[in-house]
Amino acid sequence: MQYWLMKSEPDEFSIHDLKNRPGKTEAWNGVRNYQARNHIRDGMKAGDLAFFYHSSCEIPGIAGTMQILDKACPDPTALDKLSKYFDPGSDPANPRWYLVEVKFKKQFRRIITLTELREHRTLQEMNLLKKGSRLSVMPVTKKQWDYILGLE
DNA sequence: GCCAACGTTGGC
DNA sequence: GCCAACGTTGGC
């Protein structure tokens with residue numbers, strides 16, 4: 001069992017949107033960064049848990065939790081010419097981009113803001129808080145996971 | 001393989 | 001909207 005943090009712009013897709021999806025599940029598509037891809041494709045397993053992080057918005061922070069439903073599969077939007085995530089260099093015979101299905105677990109009573117996370121010494125090693133970090137999918141240690149749950 | 005130019009992310 | 005930091009592309 002591993003823990004993760006996944007970013008989404010709430011204007012595009014928020015935890016509220018996930019909660020309101022049929023079955024409360026969604027294909028987490030559109031990841032187009034190799035390091036993030038590797039975490040999805042090689043690291044994630046069914047049953048893993050992830051924080052849902054709201055980025056590029058008024059109050060960036062962790063909005064809740066979700067569960068990884070299955071191992072990764074190729075992201076079909078990479079091959080869809082009509083998708084904004086279309087990647088012309090992508091080869092159907094040798095998929096470049098992957099996605100996982102996620103399921104809503106919990107919406108926090110409040111957003112645990114980026115500013116607040118930075119105030120905690122225990123969390124200073126988090127990739128999220130490192131200068132210049134832009135990774136949209138990253139591992140979280142159990143210690144960090146438990147600590148953040150305790151902040152709600 | 002180097003690296004300049006360009007594109008993107010994402011906080012502020 | 002600005003811009004720092006990072007990733008990718010492509011000429012050489």
Side-chain angles (χ1 to χ4, degrees), chain A residues 2-21 26-44 48-68 71-141 143-145 147-152:
Chain A
Q2 280 190 259
Y3 302 92
W4 307 93
L5 181 144
M6 301 168 82
K7 298 181 184 175
S8 178
E9 300 186 17
D11 291 345
E12 296 285 330
F13 186 73
S14 71
I15 193 159
H16 188 253
D17 295 324
L18 178 60
K19 190 179 181 178
N20 288 303
R21 281 287 192 268
E26 178 78 355
W28 199 271
N29 57 25
V31 172
R32 296 292 180 268
N33 167 281
Y34 288 103
Q35 204 178 341
R37 187 278 313 270
N38 291 346
H39 287 315
I40 287 175
R41 188 190 59 183
D42 308 330
M44 289 187 172
D48 285 357
L49 296 171
F51 287 126
F52 193 130
Y53 180 87
H54 285 177
S55 67
S56 293
C57 58
E58 193 176 350
I59 306 170
I62 299 174
T65 60
M66 53 196 172
Q67 187 154 40
I68 310 304
K71 65 179 167 56
C73 65
D75 180 349
T77 64
L79 302 171
D80 178 0
K81 282 197 170 67
L82 299 179
S83 170
K84 64 180 170 180
Y85 300 126
F86 176 64
D87 173 17
S90 195
D91 172 8
N94 185 18
R96 179 183 288 178
W97 305 117
Y98 283 73
L99 61 75
V100 282
E101 287 281 336
V102 299
K103 177 161 188 165
F104 174 85
K105 190 167 170 67
K106 181 182 184 186
Q107 180 169 9
F108 291 158
R109 292 185 291 271
R110 63 189 185 88
I111 300 281
I112 300 174
T113 67
L114 179 62
T115 308
E116 180 180 350
L117 293 170
R118 289 194 194 285
E119 288 167 358
H120 294 273
R121 202 168 270 271
T122 308
L123 303 176
Q124 67 185 8
E125 291 304 313
M126 283 188 84
N127 186 311
L128 177 73
L129 305 181
K130 293 191 175 153
K131 189 180 177 187
S133 169
R134 306 186 321 193
L135 196 58
S136 64
V137 178
M138 66 189 77
V140 170
T141 66
K143 184 179 165 192
Q144 292 160 351
W145 178 270
Y147 187 83
I148 290 168
L149 287 183
L151 296 176
E152 188 192 351

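Letters go in sequence order (proteins before strands), and every chain restarts at 1. Note that the structure is a prediction, hence the values are computed from the model and not measured.
- By the side chain to side chain donor-acceptor pair (under 3.5 Å) test, A:Glu152 is found to be paired with A:Lys106, residues two or more places apart in sequence or in another chain being considered.
- Sorted by first and then second residue, the ring-ring contact (aromatic ring centres under 6.0 Å, His included) pairs with a member in residues 75-94 of chain A form an empty list; sequence neighbours excluded.
- Contacts between residues 4-14 of chain A and DNA chain B, defined by a heavy-atom separation under 4.0 Å, are made by A:Lys7.
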Residues 92-102 of chain A side chain polar contacts: donor-acceptor under 3.5 Å, at least two apart:
residue, atom, partner, partner atom, Å
A:Arg96, NH1, A:Asp87, OD2, 2.9
A:Arg96, NH2, A:Gly89, O, 3.0
A:Trp97, NE1, A:Asp87, OD2, 2.8

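- For A:Ser14, the side chain to side chain donor-acceptor pair (under 3.5 Å) partners at least two apart in sequence or on another chain are A:Asp17.
- Judged as a side chain to side chain donor-acceptor pair (under 3.5 Å), the pairs with a partner in residues 125-138 of chain A (not counting sequence neighbours) are, in order, A:Asn127-A:Ser133.
- With sequence neighbours excluded, the residues that form a side chain to side chain donor-acceptor pair (under 3.5 Å) with A:Asn20 are A:His16.
- Under the ring pair (Phe, Tyr, Trp, His ring centres under 6.0 Å) criterion, A:Tyr147 pairs with A:His120, not counting sequence neighbours.
- In summary, A:Asp75 and A:Arg37 do not engage in a salt bridge, as defined by a charged side-chain N under 4.0 Å from a carboxylate O.
- Among residues two or more places apart in sequence or in another chain, the side-chain contact (heavy atoms from CB on, under 4.5 Å) test is passed with A:Lys71 by none.
- Partners of A:Phe51 by ring pair (Phe, Tyr, Trp, His ring centres under 6.0 Å), not counting sequence neighbours, listed by chain and number: A:Trp145.
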| remark: Protein-proximity profile, nucleotides 6-12 of chain C, B/S/- by nucleotide at the 4.0 Å heavy-atom cutoff, equals BSS----

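- Within a heavy-atom distance below 4.0 Å of DNA chain B, the residues of residues 55-63 of chain A found are A:Ser55, A:Ser56, A:Pro60.
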